[in-house]
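Values below: every heavy atom of this structure, side chains too, minus hydrogens, waters and symmetry copies.
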Amino acid sequence: MEHWQRLSAEHIHIERTLLLPLPVLRQGPLIPLLDDGEHVRIAVAEGTPLPWQLIDDYRRLLQQDVTPVCVPRDDILMLLNQVFDMSSASAEQMLEDISEDDDLNRKIEEVGDLLESEDDAPVIRLVNTLISQAMKDRASDIHIEPFESEVLVRFRIDGVLHTVVHPPKGVQAAMISRIKVMANLDIAEKRHPQDGRYRVKIAGREVDVRVSILPTAFGERVVMRLLDRSSRILTLREMGMSEVQFQQMRKVILAPHGIVLVTGPTGSGKSTTLYAALMEVERDNHNVMTIEDPIEYQLGGVAQMQVQPKIGLNFAAGLRSILRQDPDIVMIGEIRDLETAEIAIQASLTGHLVFATLHTNDALSAAIRLQDMGVEPYLLASSLMMVQAQRLIRRLCPKCRDARLSTAEDCRVLEVASEELPVGSTIYEPNGCEHCMHTGFIGRIAIYEVFMITEALRNAIHTGRGWTELRHIAKQQGMRSLRQDGARHVLAGISSLDEVLRVSSEEVIEVEA
């Protein structure tokens, strides 16, 4: 029997693969190959008994003899997922089928409870298709938004919302009921907000879905956050750090104690940065523990705790318990209140290295925010080592970006010296093609503002200096703003000038009287 070392998509006969259902083919597993001119070949998994029943099924379907070829099992499973993923219907196609069935829409609207509906299959397929299409489109969130006479479904892709489909108003109640069933929520409750979660498998990938349901004037609004459990954790360099920023982060990771804060709005990649930082830690020699809400990635060698407010397990309570487990490094998903902040600071002062996130607009505001919470300035000055603000900017699509020459105005708005972005340098702007779904962008990368705590800054925090004074000292010591850091991505052709300006705030320019 013929043996192949590797199997790729170019060898697959897609039409023959789709003749049998995916679950049946996975049992073999097997997948039909393109003809070589003499034989009809089918790939089977090496090292396992031949699935003669399936092979015979194909003989009958094709009315030809078939020849088995042994290939790695994982290659077959991966390619089966790809073929059926590509062939699955889009949400628009599903809605066309549903819209044509007026009787189905009327029944759904009358029943209102998916568990009692006899014609629920199309709605189930629609919800499944929306989730599957969102994963194919790299969406992080699905929004189902009801209005007076229509329903909008929007995907958040690379941080920006895009309208995908307009389901019929009559399908709204059934869609939301189906999502409630999946998330184990109360179908009858339509007056109060509800939160839930569930897990699905799409093309072999496990996806955690967090569901938030909010009653509005025209029905319940649903937002589903998609977390791909099979995705790989990025390294600090892959996140977009410069060499200087990477070395600064490495320095604090190797410190024996202190607090490292990562700040930014929701969806700016704070947790991903902290996960990447923990991956740099020698976990074999350290006891690393986290408390999160939710646990987004599973980290090998790390004890991870999920916040559960319903039973009183908040960040403060969980952090107290963690500190009794003799940790070396602790990661706190978010500092939300004075109690959590005080415990974190005490932990850093008693020999623990603490990583945490905080919601502020820039790095320097973190010190002010903690003081506003009630943290004593002398404690903050003693424990804080580094604050890093960050944003995610979209990467330009390499297949359709348009080149242009930079101007002096570009240099001014990015707040960089002319030698960093010389006039006449080639920079790029978005265009749009099928590869990037006509957005001009595909994927994201981070820009950073790193606030290293020096002796001068420590003294300024200790004496309760304000944001403006802290900013002045930090700028004197070389701190670069988010816009200034984004300039390197613009010059490298990774992102556009407008994209950097979109996510960053303008530098405050002080005018002397």
Asker: Please name the residue in the list I124, V151, L126 that meets the side chain to side chain contact (heavy atoms under 4.5 Å, CB included) test with M175.
Answerer: L126

Asker: Could you grab the distance from atom CZ of R225 to atom NE2 of H143, nearest 0.5 Å is fine?
Answerer: 8.0 Å

Asker: I would like to know whether Q248 and V244 meet side-chain contact (heavy atoms from CB on, under 4.5 Å); could you show each step before the answer?
Answerer: CA-CA 6 Å; Q248 288 173 327; V244 171; 4.1 Å; yes

Asker: Atom CG of L7 and atom CG of L33: how far apart are they, to the nearest 0.5 Å?
Answerer: 6.0 Å

Asker: Looking at residues at least two apart in the chain, or sitting in another chain, which of them share a side-chain contact (heavy atoms from CB on, under 4.5 Å) with A134?
Answerer: A139, I142, F155, L226

Asker: Side chains of L62 and R16, heavy atoms from C-beta outward: is any pair under 4.5 Å?
Answerer: yes

Asker: Could you tell me if the side chain of Q172 sits less than 4.5 Å from the side chain of K169, heavy atoms only?
Answerer: yes

Asker: Quick check: do V44 and C70 have side-chain heavy atoms less than 4.5 Å from each other?
Answerer: yes

Asker: So with a 6.0 Å cut-off around CD of E282, is the heavy-atom count from everything else above 12?
Answerer: no

Asker: Could you check whether atom CD of E434 has more than 12 heavy atoms from other residues, nucleotides or ligands sitting under 6.0 Å from it?
Answerer: no

Asker: Could you tell me which non-hydrogen atom of A183 sits nearest to which non-hydrogen atom of V211, and how far apart they are?
Answerer: CB-CG2, 3.9 Å

Asker: Determine yes or no for a side-chain-to-main-chain donor-acceptor pair under 3.5 angstrom, with K270 supplying the side chain and E334 the backbone.
Answerer: no

Asker: Minimum heavy-atom separation for C400 and C436, please, with both atom names.
Answerer: SG-SG, 3.8 Å

Asker: Any donor-acceptor pair under 3.5 Å linking the side chain of H438 with the backbone of N431?
Answerer: no

Asker: With sequence neighbours excluded, what pairs up with L405 under the side-chain contact (heavy atoms from CB on, under 4.5 Å) test?
Answerer: T426

Asker: Between T17 and L79, does a side-chain contact (heavy atoms from CB on, under 4.5 Å) hold up when you go through it step by step?
Answerer: CA-CA 10 Å; T17 302; L79 290 167; over 6 Å; no

Asker: Specify the closest pair of heavy atoms between I233 and A276, including all atoms of both residues, with the distance to one decimal.
Answerer: CG2-N, 4.3 Å

Asker: Is the shortest distance from a Lys or Arg side-chain nitrogen in R394 or D158 to a carboxylate oxygen in the other one below 4.0 Å?
Answerer: no

Asker: Donor-acceptor pair, E238 side chain versus T235 backbone, under 3.5 Å?
Answerer: yes

Asker: Between E220 and K190, does at least one N-O distance fall below 4.0 Å, as a salt bridge requires?
Answerer: no

Asker: Is a side-chain N or O of K180 found less than 3.5 angstrom from the main chain of E189, in a donor-acceptor match?
Answerer: yes

Asker: Looking at G440, is its backbone amide N or carbonyl O close enough to the side chain of R401 to form a donor-acceptor pair, meaning the two atoms are under 3.5 Å apart?
Answerer: no

Asker: Quick one: does Q390's side chain have a donor or acceptor within less than 3.5 Å of a partner on V262's backbone?
Answerer: no

Asker: Determine whether D208 and R197 satisfy the following criterion, side-chain contact (heavy atoms from CB on, under 4.5 Å), listing intermediate values before the conclusion.
Answerer: CA-CA 7 Å; D208 275 336; R197 63 191 307 159; 4.2 Å; yes

Asker: One thing to verify: whether E429 and R404 come together as a salt bridge, which I'm taking to mean a side-chain N less than 4.0 angstrom from a carboxylate O.
Answerer: yes

Asker: With rounding to the nearest 0.5 Å, note down the distance linking CG in D485 to OG in S504.
Answerer: 10.0 Å

Asker: Report yes or no: does T290 contribute a side-chain atom to a donor-acceptor pair with the main-chain N or O of E292 at less than 3.5 Å?
Answerer: no

Asker: Should R336 and D293 count as an ion pair when the cut-off is N to O under 4.0 Å?
Answerer: yes

Asker: Can a donor-acceptor pair be found between the side chains of R154 and T163 at a distance below 3.5 Å?
Answerer: no

Asker: Can you measure from CD1 (I295) to OG (S271) and round to the nearest 0.5 angstrom?
Answerer: 11.5 Å

Asker: Do L299 and M279 have side-chain heavy atoms sitting under 4.5 Å apart?
Answerer: yes

Asker: So which heavy atom on G28 is nearest to which on P51, and how close?
Answerer: CA-CB, 4.0 Å

Asker: Looking at CE of M239 and CG of L392, how far apart are the two atoms once the value is rounded to the nearest 0.5 Å?
Answerer: 6.0 Å

Asker: Check for me whether R237 meets the cation-pi criterion with F246, that is, NZ or CZ under 6.0 Å from the six-membered ring centre and within 45 degrees of the ring axis.
Answerer: yes

Asker: Between F355 and I253, is any pair of side-chain heavy atoms under 4.5 Å apart?
Answerer: yes

Asker: Can you tell me if CG on N184 sees more than 12 non-hydrogen neighbours from other groups inside 6.0 Å?
Answerer: no

Asker: Please tell me if the side chains of I187 and R178 come closer than 4.5 Å, counting only heavy atoms from C-beta onward.
Answerer: no

Asker: Can E449 and Q388 be said to form a side-chain contact (heavy atoms from CB on, under 4.5 Å), step by step?
Answerer: CA-CA 6 Å; E449 179 181 80; Q388 176 179 283; over 6 Å; no

Asker: Would you mind reporting whether R210 and L227 have side-chain heavy atoms less than 4.5 Å apart?
Answerer: yes

Asker: When rounded to the nearest 0.5 angstrom, what is the spacing between CD1 in I213 and CG in D195?
Answerer: 8.5 Å

Asker: Would you say L274 and T357 make side-chain contact, with heavy atoms under 4.5 Å?
Answerer: yes

Asker: Please find the pair of heavy atoms, one from F315 and one from I291, that lie closest to each other, and give the distance.
Answerer: CE2-O, 3.4 Å

Asker: Say whether, by atom type as modelled, one donor and one acceptor occur between the side chain of Q245 and the main chain of S242 under 3.5 angstrom.
Answerer: yes

Asker: Would you confirm whether E148, through its side chain, and F218, through its main-chain N or O, come within 3.5 Å as a donor-acceptor pair?
Answerer: no

Asker: Do you know which two heavy atoms are closest between Q194 and L185, and how far apart they sit?
Answerer: OE1-CB, 3.4 Å

Asker: Look only at the side chain of T216 and the backbone of R221, and say whether a donor-acceptor pair between them is shorter than 3.5 Å.
Answerer: no

